[in-house]
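Just follow the structure's listing: the first ligand is 1, and inside any ligand the first atom is 1. Computed over heavy atoms, backbone and side chain alike; hydrogens, waters and symmetry mates excluded.
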Amino acid sequence: MNILVINCGSSSLKYQLIDSESESVLAKGLCERIGIDGRLVYQKTGLDKEITETDMPTHKQAIQLVIEALINDKTGAIKSLEEIDAVGHRVVHGGEKFASSVVLTDEVLKTIEECNDLAPLHNPANLIGINACKELMPNVPMVGVFDTAFHQTMPRKAYLYGLPYEYYEKYAVRRYGFHGTSHSFVSKRCAEYLDMDLKNSKIIVAHLGNGASISAVLNGECVDTSMGLTPLEGLVMGTRSGDIDPAIMEFIAKKENLNIEEMVTVLNKKSGLSGMTKGGSSDFRDLQAEIKAGNQLAADAVEVFCYRVAKYIGSYVAAMNGVDAIAFTAGIGENVALVRRKVCEYLGYLGIAIDEETNLKTFGDEVTLSTPDSKVKVCVIPTNEELAIARETVALVK
Ligand code: AMP
């Protein structure tokens with residue numbers, strides 16, 4: 001089956017066409033600046049990237065352009081729309097309503113809309129993408145794959161906050177967690193790769209990218225994760241603060257004369273690695289260059305980042321009363337040896353040892369980093385959220 005995977009944001013849209021039998025990518029790309037001016041990036045596998053500046057006032061027009069590129073005579077990956085068997089959509093927030101992927105019926109779409117409140121920046125954009133695809137491909141089955149679904153197995157002790165219970169009852173305020181598609185994919189693949197029985201395993205997944213989160217996966221089910229009601233909680237990220245004393249919000253808001261929305265924007269967009277380096281780049285390639293050049297703030301930011309990751313891993317070892325394997329994934333986890341080394345050094349007390357030579361030459365490969373005598377396996381498992389979405393989609397429409 002050919003599955004079109006769509007990840008739709010408010011002004012951008014990423015897509016991949018995946019052949020589910022061979023699990024290969026036939027074509028991929030993105031639409032940027034939707035509603036502003038418009039830019040289509042398209043790449044058929046094996047050919048050069050094509051970039052077209054073109055008007056795309058709405059998501060529907062953007063998806064129309066994607067379809068035209070996919071069936072284009074010269075560089076199209078398929079001959080006609082009929083060759084798209086299903087569409088898999090990434091949906092950010094499924095609240096407590098969705099513990100797994102679903103076929104997107106009108107009723108399901110209404111229920112997703114009810115979750116908009118929980119992810120006001122993401123869910124409405126996801127829905128716009130779904131509706132645009134439905135209009136353009138009315139007979140093609142559509143599936144929604146939720147970032148939050150994998151974490152719905154968390155026990156109450158992990159998802160309830162120490163807040164008045166009415167806020168949970170009235171507004172569903174609780175920990176949901178995100179990056180679930182990645183945590184699910186990587187934990188399963190980690191067990192497979194290490195020849196472990198997933199149903200009898202304790203795995204910690206460190207998804208370290210521009211957004212970053214950690215999860216504790218016990219016997220294949222998520223029992224805790226670092227992101228919360230929103231993706232702001234947990235690790236220090238590219239521009240997000242992660243955990244802070246909540247009272248800091250009032251303190252800074254008063255000093256800087258900010259309202260609550262402005263304060264939350266600071267925490268989401270102006271903090272993390274970027275904020276800690278006074279608005280510097282949050283990209284680890286730049287941070288490492290800055291450290292080499294003697295920038296103390298960059299060095300501090302990286303230390304804080306690694307320390308927070310190590311503390312979360314330690315707490316999840318406690319949550320599961322042990323750990324068999326730790327999997328690093330996403331842009332930083334897959335590519336930054338410095339982070340993996342520093343994090344593992346903190347975990348020496350668990351009997352963890354990694355081979356630094358292997359660590360230094362690992363960029364995006366599936367690799368075991370731990371030495372044979374390490375008490376816990378440590379590996380790098382590249383994530384592939386698009387493939388995970390395609391697999392979920394096939395499972396539901398076949
Ligand atoms: P993601 O959100 O998973 O795409 O991760 C993006 C982040 O991964 C970037 O901001 C970088 O910090 C980091 N990253 C990606 N590729 C590399 C690389 N080759 N070397 C160092 N850091 C990288």
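- Summarising the geometry of Asn335 relative to Gly364, their closest heavy-atom pair is OD1-N, 3.6 Å, with the distance given to 0.1 Å.
- In this structure, the protein non-hydrogen atom closest to atom 21 (C) of ligand 1 is Arg285 CG, 3.4 Å.
- Salt-bridge check for Lys342 with Glu303: passed, with a basic side-chain N closer than 4.0 Å to an acidic carboxylate O.
- Ligand-side atoms of ligand 1 in range of Phe284: 11 (C), 12 (O), 22 (N), range being under 4.0 angstrom from any heavy atom.
- Per-residue contacts place Gly209 under 4.0 angstrom from the following atoms of ligand 1 (heavy atoms of the residue considered): 1 (P), 2 (O), 3 (O), 5 (O).
- When all heavy atoms of Arg240 and Pro231 are compared, the pair lying nearest together is CD-O, 3.5 Å.
- Few gaps surround OH on Tyr161; more than 12 heavy atoms of other groups in view lie less than 6.0 Å from it.
- For ligand 1, the atoms lying closer than 4.0 Å to a non-hydrogen atom of Val336 are 21 (C), 22 (N).
- Contact atoms of ligand 1 toward Ile332: 8 (O), 12 (O), 13 (C) (distance under 4.0 Å to a heavy atom of the residue).
- At a 4.0 Å heavy-atom cut-off, ligand 1 touches Asn210 through backbone and side chain alike.
- In this structure, the protein non-hydrogen atom closest to atom 16 (N) of ligand 1 is Asn335 ND2, 3.3 Å.
- Looking only at heavy atoms of the protein, atom 9 (C) of ligand 1 is closest to Asp283 OD2, 3.7 Å.
- Annotation: cation-pi pair Arg174/Tyr176 present, NZ/CZ under 6.0 Å from the ring centroid and within 45° of its normal.
- Looking at atom 3 (O) of ligand 1, its nearest protein heavy atom turns out to be Gly331 N, 2.9 Å.
- Within a 6.0 Å radius of CD in Glu357, other residues, nucleotides and ligands contribute 12 heavy atoms or fewer.
- Side-chain contact of Arg341 with Asn359: a donor-acceptor pair under 3.5 Å is absent, judged by distance alone.
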